[in-house]
Amino acid sequence: MTSLILPIQTDRLTLRTFERSDIEGLMAYHALPSVQRYVFSRTRDRSEVPDALNVMRGHVSLQRPGDTLTLAAVRRGDQALIGHVALHWSDATAGQGEVRFVVNPVHAGQGYAGEALGALFDLAFDHFRIHRVFARSDGRNHHSIKLMQQLGMRLEAHYREHALFQGEWDEELHFAILDREWQRSTKVKDLPVRNRVA
Amino acid sequence: MPLYPDYPIATDRLTLRPFTRGDVDAVYAYRRREDVARYLFDVALSREECALAVQQRIGQVALEGDGDKIILAVDLTKTGSVVGEVSLILRSADARQAEVGWIFDPEYQGQGYATEAATAILDLAFGAGDIHRVAARCDTRNDASWRLMERLGMRREAHFREHALFKGAWDEEYIYAMLRREWLGRESSFSAPLRAGP
């Protein structure tokens with residue numbers, strides 16, 4: 001595997017590892033109740049954000065199973081931190097990776113999460129040679145569900161009350177996509193019409 | 001929550017009871033078969049391996065903590081022949097989650113014994129066990145197993161594709177589940193269609 005080259009540029013975003021100076025940008029959204037509503041490891045209030053930043057600053061690459069790569073998504077024009085995306089290497093033998101993401105609600109609805117996740121999928125499949133990427137979502141998190149579908153992920157699981165989540169029975173969805181199903185970014189994916197199968 | 005059932009458990013035609021040392025040959029009769037092992041995590045077992053498996057099962061009769069298993073031999077009451085085994089595994093005592101499983105001797109197929117024994121183990125789980133949700137999993141090619149899950153009234157909650165390696169190849173797995181209220185709700189209308197089958 002060639003070494004990981006960061007930052008990654010997308011049309012509107014720069015994806016890079018977190019830095020100490022991101023604390024203000026992260027403070028702006030990370031402890032908001034609406035952001036924390038559906039996340040797995042909670043940051044309860046603003047006083048816990050510095051610790052969360054420290055943890056994420058350590059997520060710089062995937063060296064061994066269990067590692068997480070967390071990338072800050074920064075808007076190219078004004079360098080505003082609009083959210084972050086993460087790729088967790090959950091299983092080496094079967095090449096499994098899990099993605100998670102958070103967007104500052106101020107910047108929601110503009111397609112930034114999809115743009116950042118698209119780049120993260122490219123990285124997962126092309127660079128880290130992951131075979132299957134999956135994402136978990138609460139059944140009530142409609143924005144997340146819609147985004148998973150837009151990215152071409154398939155709904156693989158719909159668990160009802162299979163665990164307690166933040167003190168209540170959960171409803172958890174799993175979405176997944178295989179390396180051969182992932183449509184690379186538009187610049188490389190279009191085949192001439194005659195070569196298309198479907 | 002701890003579950004120490006009274007044994008044996010009798011159904012119309014079957015007796016569910018803890019394993020004893022005398023069961024090795026009966027277990028070997030089906031666990032040695034390739035067609036039985038195909039969709040199990042184990043390969044076909046030698047007689048020595050069966051002896052070890054039976055030895056282990058002798059103590060698997062109660063549930064206290066996460067991961068504890070009840071594995072019972074299923075006898076045909078009339079003849080005393082072992083037709084297979086059923087299992088109940090406590091996955092989470094906190095969230096009252098359990099998993100059921102079964103292995104049956106193909107010699108006794110097609111007579112509804114698996115349905116009858118699985119019904120008894122679900123009764124145990126949702127009755128004395130006070131379990132909130134019971135799940136079962138199988139390879140998608142194991143038609144007999146998932147059809148049994150559907151006969152029991154379980155819902156297909158997951159269809160995972162290539163999320164792990166199974167015996168050297170990509171897996172495809174179903175997870176079925178049922179909630180306590182669904183089991184209790186269907187019981188009245190259950191006994192009639194049970195024997196009819198498809």
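Note that the structure is predicted; figures quoted are calculated from it, not measured. Residue numbers start from 1 in every chain, and the chains themselves are labelled A, B, ... in the order their sequence lines are given, proteins ahead of strands.
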Exercise for the section: Determine whether L72(B) and F19(B) fall in the same hydrophobic cluster, where Ile, Leu, Val, Met, Phe, Trp and Tyr are linked whenever their side-chain heavy atoms lie under 4.5 Å apart. Expected result: no
Handout entry: R155(B) CZ to R160(A) CZ distance, which is reported to the nearest 0.5 Å
Key = 5.5 Å
Handout entry: R181(B) and E161(A) ion-paired at < 4.0 Å
Key = yes
Fill in the blank from the handout: In terms of heavy-atom pairs under 4.5 Å with chain A, the winner among A177(B), A135(B), A158(B) is A158(B)
Practice task
Check each atom of L178(A) against the heavy atoms of chain B and say whether the ones under 4.5 Å are side chain, backbone, both or neither.
Solution key: side chain
Handout entry: Point-to-point distance, once rounded to the nearest 0.5 Å, from CD1 of I175(B) to NE2 of H158(A)
Key = 13.5 Å
Exercise for the section: Taking the side chain as every heavy atom from C-beta outward, state whether H162(A) and R133(B) have any atom pair closer than 4.5 Å. Expected result: yes
Handout entry: Part of R154(A) lying under 4.5 Å from any heavy atom of chain B
Key = side chain
Practice task
Give a yes or no on whether a salt bridge exists between E181(A) and R161(B), defined as a side-chain N under 4.0 angstrom from a carboxylate O.
Solution key: no
Fill in the blank from the handout: Heavy-atom nearest pair, L164(A) first then D94(B), reads CD1-O, 3.8 Å
Practice task
For the residue pair H174(A) and F160(B), establish whether any side-chain heavy-atom pair is separated by less than 4.5 Å.
Solution key: yes
Problem - Portion of H163(B) that has a non-hydrogen atom of chain A nearer than 4.5 angstrom - result: both
Exercise for the section: Ignoring hydrogens and angles, state whether a donor on the side chain of E162(B) or H131(A) is under 3.5 Å from an acceptor on the partner side chain. Expected result: yes
